[in-house]
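Worksheet for the structure shown next.
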2 protein chains.
Amino acid sequence: MPRTKAKAGEFKRSPCPVANTLDVIGDKWSLLVIRDLFAGKTIYSEFQVSPEAIPTNILANRLTRLIEHGLVEKSAYQERPVRYAYTLTQKGRELGPVLLEMVKWGEKYFPGSKAMMKK
Amino acid sequence: MPRTKAKAGEFKRSPCPVANTLDVIGDKWSLLVIRDLFAGKTIYSEFQVSPEAIPTNILANRLTRLIEHGLVEKSAYQERPVRYAYTLTQKGRELGPVLLEMVKWGEKYFPGSKAMMKK
DNA sequence: TATAGTAACTTGCAAAAAGCAAGTCACTTG
DNA sequence: CAAGTGACTTGCTTTTTGCAAGTTACTATA
């Protein structure tokens, strides 16, 4: 029997804001999806063609997780066939500074790497 | 046959600084160890008593990874018995701003969470 | 109308990483 | 010399990843 699905934020492993933040975005992929959203990408296939080549099942999983945590919204932008656009919520956009600091650090310590983020 | 051990930074999944940064600290635990180092912790047992209760094998693994990536240094601070102190390198300390932004975001979106980081 | 194509996922399964408990090693202390 | 302690390591089960193939709902073409 699968265990009961936990709602976003229901369990906390600690009272530390860093730990709580990591429980939402602490993995190899979530912040890359958010980076793409900042870069203006909105549809499934756009995320797939990023240079890191995220596996499709992981992408689907991360998008629903980000929605559950309230960082991303999904809305149909056309019918027949229905197509969805993913966009950042205010909560998601407020991760911009985190991303920005990672860009700075990454550009400094991985020479040759270069951000392509929109502001 | 186990595959050849990759040196830190040898392979890159993309030219993006965010992706490269995540390859170093993109998991649930690494930044918590770094947080503890910022908080002044230096020895193994101190990291273990943090509220998140990191499993001992994961702690050992993360410390060596952080050393391999040049974010942390290990030095004996006493002989008989030999005891080691872990400290941040300059490269590691420069992750401070990333941590700081996570603290801000976490404090905003996880009411009740409160940072205990030293500056 | 049948055939092919496409976007957006879902499913199945093997491999890698995480997590828990117990064990080891080098000492120190009573 | 028996017990204790800090710092890990090992073994094993569970969970998460990652790859590939399959599915669904349409559209476009012959």
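Chain letters run A, B, ... following the sequence lines, proteins first, then strands; residues in each count from 1.
In this entry the distance linking CG of Asp27(B) with C1' of dA18(C) reads 11 Å, nearest Å. Going from atom OH of Tyr84(A) over to atom P of dT6(C) covers 22 Å, rounded to whole Å. To the nearest angstrom, P of dC9(C) lies 13 Å from CD of Glu46(A). As a whole-Å value, the separation of Lys41(B) NZ from dA7(D) C1' is 16 Å. Nucleotide dC26(D) holds its C1' atom 10 Å from the CD atom of Gln78(A), rounded to whole Å. Note: CG (Asp23(A)) to C1' (dA18(C)) measures 14 Å, nearest angstrom. Spacing between atom CD1 of Ile54(B) and atom P of dA7(D) amounts to 15 Å, rounded to whole angstrom units. Between the CG atom of Asn61(A) and the P atom of dT15(D) there is a distance of 15 Å, given to the nearest Å.
Sorted by first and then second residue, the ring-ring contact (aromatic ring centres under 6.0 Å, His included) pairs involving residues 70-97 of chain A (not counting sequence neighbours) form an empty list. Among residue pairs with one or both ends in residues 88-97 of chain B, those qualifying as salt bridge (Lys or Arg N to Asp or Glu O under 4.0 Å) are Lys108(A)-Glu94(B); sequence neighbours excluded. For residues 39-59 of chain A, the set of pairs meeting the salt bridge (Lys or Arg N to Asp or Glu O under 4.0 Å) definition, not counting sequence neighbours, comprises Arg35(A)-Glu52(A).
Between Tyr86(B) and dA7(D) there is no side-chain polar atom (N or O) within less than 4.0 angstrom of OP1 or OP2. Note on Lys74(B): every side-chain N or O is 4.0 Å or more away from OP1 and OP2 of dA7(D). Checking the phosphate oxygens (OP1, OP2) of dT5(D), no side-chain nitrogen or oxygen of Tyr44(B) falls inside 4.0 Å. Checking the phosphate oxygens (OP1, OP2) of dG6(D), no side-chain nitrogen or oxygen of Ser45(B) falls inside 4.0 Å.
Between Leu32(B) and Ile54(B) the shortest side-chain heavy-atom distance does not fall below 4.5 Å. Proximity of Asp23(A) to Phe110(B): side-chain heavy atoms (C-beta onward) are nowhere separated by under 4.5 Å.
Residues satisfying the salt bridge (charged side-chain N to carboxylate O under 4.0 Å, His left out) criterion with Lys74(A), sequence neighbours excluded, are absent altogether. Applying the ring-ring contact (aromatic ring centres under 6.0 Å, His included) criterion to Trp105(B), with sequence neighbours excluded, gives Tyr109(B).
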Base versus backbone protein contacts along nucleotides 19-28 of chain C [heavy-atom cut-off under 4.0 Å; B, S, -]: BB------SS
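Among the heavy atoms of the strands, none lies under 4.0 Å from Phe47(B). At a threshold of 4.0 angstrom between heavy atoms, the contacts of Leu59(A) with the nucleic acid are absent.
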